[in-house]
Amino acid sequence: QVQPVESGGGLVQPGGSLKLSCVTPTRFFEYYTIAWFRQAPGKERERVACANKADETTDGSSTVLADSVKDRFTISRDYAENTVSLQMNNLKYEDTAVYYCAAKIGVCHGGLDFDYWGQGTQVTVSS
């Protein structure tokens with residue numbers, strides 16, 4: 001059973017930073033694509049960032065970021081710790097959402113077809 005576990009959410013002022021972590025405690029971590037999604041109240045779930053496994057790419061890149069965050073967020077993998085982190089800088093009010101980590105076998109693309117989901121962590125951007 002693959003069960004991602006998120007941490008690092010909280011309350012931050014506009015312009016501030018947060019780092020979310022997703023631990024996927026499986027010895028098969030290296031085989032999984034890991035992504036971060038978010039869902040704001042009344043809105044559909046959207047993919048924020050995605051990290052392919054080491055030997056796969058999407059359009060030549062190991063990571064994919066949504067246009068709305070690509071200049072502010074960074075996704076990275078730590079294979080030793082089975083962790084994927086989402087560094088979020090220059091946060092905006094519209095980044096407020098529940099952030100979910102998800103895992104699947106297969107490359108990053110635009111879909112929600114991930115097999116394993118965490119419980120989510122709340123990020124609130126407010127002054």
Side-chain angles (χ1 to χ4, degrees):
Q1 182 70 18
V2 178
Q3 181 59 60
V5 179
E6 306 97 336
S7 63
L11 174 65
V12 63
Q13 292 185 341
S17 298
L18 278 177
K19 184 175 182 179
L20 305 183
S21 293
C22 171
V23 177
T24 308
T26 169
R27 61 191 177 99
F28 302 112
F29 173 78
E30 65 185 285
Y31 298 112
Y32 284 89
T33 288
I34 308 293
W36 283 97
F37 293 80
R38 67 185 180 188
Q39 188 164 18
K43 295 189 176 181
E44 294 185 351
R45 190 169 296 190
E46 63 172 343
R47 195 188 70 191
V48 175
C50 189
N52 286 306
K53 68 182 182 75
D55 59 350
E56 290 182 337
T57 62
T58 300
D59 296 330
S61 178
S62 61
T63 62
V64 182
L65 292 165
D67 287 342
S68 59
V69 305
K70 65 174 46 179
D71 295 329
R72 301 181 294 121
F73 292 9
T74 303
I75 186 170
S76 59
R77 296 184 73 134
D78 183 335
Y79 287 90
E81 299 294 331
N82 284 12
T83 299
V84 173
S85 298
L86 184 68
Q87 177 66 47
M88 306 185 295
N89 298 325
N90 190 21
L91 283 159
K92 304 178 179 181
Y93 292 114
E94 53 263 41
D95 295 317
T96 296
V98 178
Y99 283 70
Y100 297 91
C101 178
K104 71 168 185 178
I105 300 295
V107 298
C108 298
H109 60 75
L112 298 175
D113 59 333
F114 280 69
D115 300 306
Y116 306 100
W117 292 82
Q119 295 298 308
T121 185
Q122 177 71 46
V123 172
T124 303
V125 183
S126 176
S127 56

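All values below come from the heavy atoms of this structure, side chains included, with hydrogens, waters and symmetry mates left out. What you see is a predicted model, and the numbers here were worked out from it, not measured in a lab. Residue indices begin at 1 and follow the sequence shown.
Atom NZ of residue Lys53 and atom OG1 of residue Thr57 lie 11.0 Å apart, to the nearest 0.5 angstrom. Distance CD/Gln119 to CD/Glu6: 7.5 Å, rounded to 0.5 Å.
Linking Ile, Leu, Val, Met, Phe, Trp and Tyr whenever their side-chain heavy atoms come within less than 4.5 Å leaves Val5 and Val2 in two separate clusters. The cluster map of Ile, Leu, Val, Met, Phe, Trp and Tyr, joined by side-chain heavy atoms under 4.5 Å apart, puts Leu11 and Phe73 in different clusters.
Considering only heavy atoms from C-beta on, Arg72 comes within 4.5 Å of Asp95 through its side chain. Residues Lys43 and Arg38 form no side-chain contact, since every pair of their non-hydrogen atoms from C-beta on lies 4.5 Å or further apart.
With Thr96 contributing its side chain and Val125 its backbone, the two residues share a donor-acceptor pair below 3.5 Å. A donor-acceptor pair under 3.5 Å is absent between the side-chain atoms of Ser126 and the main chain of Thr124, judged by distance alone.
Counting all heavy atoms, side chain and backbone alike, Tyr99 lies closest to Val48 at CE2-CG2, 4.3 Å. Summarising the geometry of Val64 relative to Cys108, their closest heavy-atom pair is CG2-CB, 4.0 Å, with the distance given to 0.1 Å. Between Ala49 and Leu65, the closest heavy-atom pair is CB-CD2, 3.3 Å.
Counting only residues at least two apart or in different chains, salt bridge (charged side-chain N to carboxylate O under 4.0 Å, His left out) contacts with residues 109-118 comprise Lys104-Asp113.
A donor atom on one side chain and an acceptor atom on the other are not found under 3.5 Å apart for Asp78 and Ser85.
Residue Phe37 shares its hydrophobic cluster (ILVMFWY side chains chained together at separations under 4.5 Å) with Val98, Tyr100, Leu112, Phe114, Trp117.
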Quiz: residues 12-34 side-chain donor-acceptor pairs under 3.5 angstrom, not counting sequence neighbours:
{"from": "Ser17", "atom 1": "OG", "to": "Asn89", "atom 2": "OD1", "distance (Å)": "3.0"}
{"from": "Thr26", "atom 1": "OG1", "to": "Phe28", "atom 2": "N", "distance (Å)": "3.0"}
{"from": "Thr33", "atom 1": "OG1", "to": "Gly106", "atom 2": "O", "distance (Å)": "2.4"}

